[in-house]
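One structure is given here, and the rest of the page talks about it.
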Amino acid sequence: MTSQRTRDRLINRLRDQGIKDERVLEVMRNTPRHIFIDEALSHRAYEDTALPIGYNQTISQPFIVARMTEMLLAEGELQRVLEVGTGSGYQTSILAPLVGELFSVERIKPLQDKARQRLKTLELKNVQLKHTDGGMGWAGKAPYDGILAACAPEEVPEELKQQLAVGGRLIIPVGGSENQELKLVIRLSEDEFSTEVLEGVKFVPLLSGTVR
């Protein structure tokens, strides 16, 4: 169930669903999603579905991972990128080969520890991880050309907007547990932002504080 043929089937499905960026599809084809989930669920690793990873968190649906990555990179390569919500590390491992430097924050320490080991296994050396409250981002490493959030606040956090470079792109799900929208925020100038709604989504909420 983790064969190359199984992975190829997933990539074909993503292409059929409208993912066009071949760089994203190639990285997803070569990334072993089964190592990011519990062994008991590994037979479902290449289904296009979200799966539980513990602590009331999930590994995102491959289509959403591909879609968000594609939208983040829509205007070309990005040098410095922030990921909010490392989770299992799967989205991290898709982003890392496509950007210059990746900074990823996670509030749940045991999830981050597991993700760190997986990223080491995959020899992804351009990723820095931090255990912190995700809604606050990682101001010390800002500004970012791109920010991708894998959890949904009620509103776009001002802290994240302020950590964007001018011209930078923020992809983030926004809304309560029932009604969430994936949004693209672009920083047009020091104090001007544009916001575009991309589609309806369902993500775990962005929670404040940290878990050890």
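Bear in mind that the values here come from a model prediction, so they are computed numbers and not experimental data.
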More than 12 foreign heavy atoms under 6.0 Å from CD of E77: is that the case here?
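Incorrect, the count does not exceed 12.
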Crowded around K130 NZ? As in, over 12 foreign heavy atoms under 6.0 Å?
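Check passes, neighbour count above 12.
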Is there a donor in the side chain of R187 and an acceptor in the side chain of Q162, or the other way round, less than 3.5 Å apart?
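A donor-acceptor contact under 3.5 Å links the two side chains.
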Do T92 and E83 get their side chains close enough for a donor-acceptor pair, meaning under 3.5 Å?
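A pair is found: one side chain offers a donor N or O, the other an acceptor, under 3.5 Å apart.
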Common cluster, V204/L182, ILVMFWY with side-chain heavy-atom separation under 4.5 Å:
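Per the 4.5 Å side-chain linkage, V204 and L182 are not co-clustered.
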Would you say F63 ends up clustered with L95 if hydrophobic residues are merged whenever their side chains have heavy atoms under 4.5 Å apart, either directly or through other cluster members?
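Yes, L95 and F63 fall within the same hydrophobic cluster.
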Pair R33 + E47: basic N to acidic O under 4.0 Å:
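No, no charged N to carboxylate O under 4.0 Å.
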Any side-chain heavy-atom pair from L78 and L98 closer than 4.5 angstrom?
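They are not in side-chain contact.
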Can you confirm whether H43 sits close enough to H34 that some side-chain heavy atom of one is under 4.5 Å from a side-chain heavy atom of the other?
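No; the side chains remain at least 4.5 Å from each other.
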For Q128 and W138, which heavy atoms make the closest approach, and how far apart are they?
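Scanning both residues completely, I find the closest heavy atoms to be O-CZ3, 3.5 Å.
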In sequence, state the C-alpha distance, the side-chain angles, and the governing distance for K109 and E106, and then conclude on salt bridge (Lys or Arg N to Asp or Glu O under 4.0 Å).
CA-CA 7 Å; K109 188 72 162 59; E106 172 57 56; over 6 Å; no
If we check side-chain contact (heavy atoms from CB on, under 4.5 Å) with L170, which of these qualifies: V185, L148, L72, L184?
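Among the candidates, only V185 passes.
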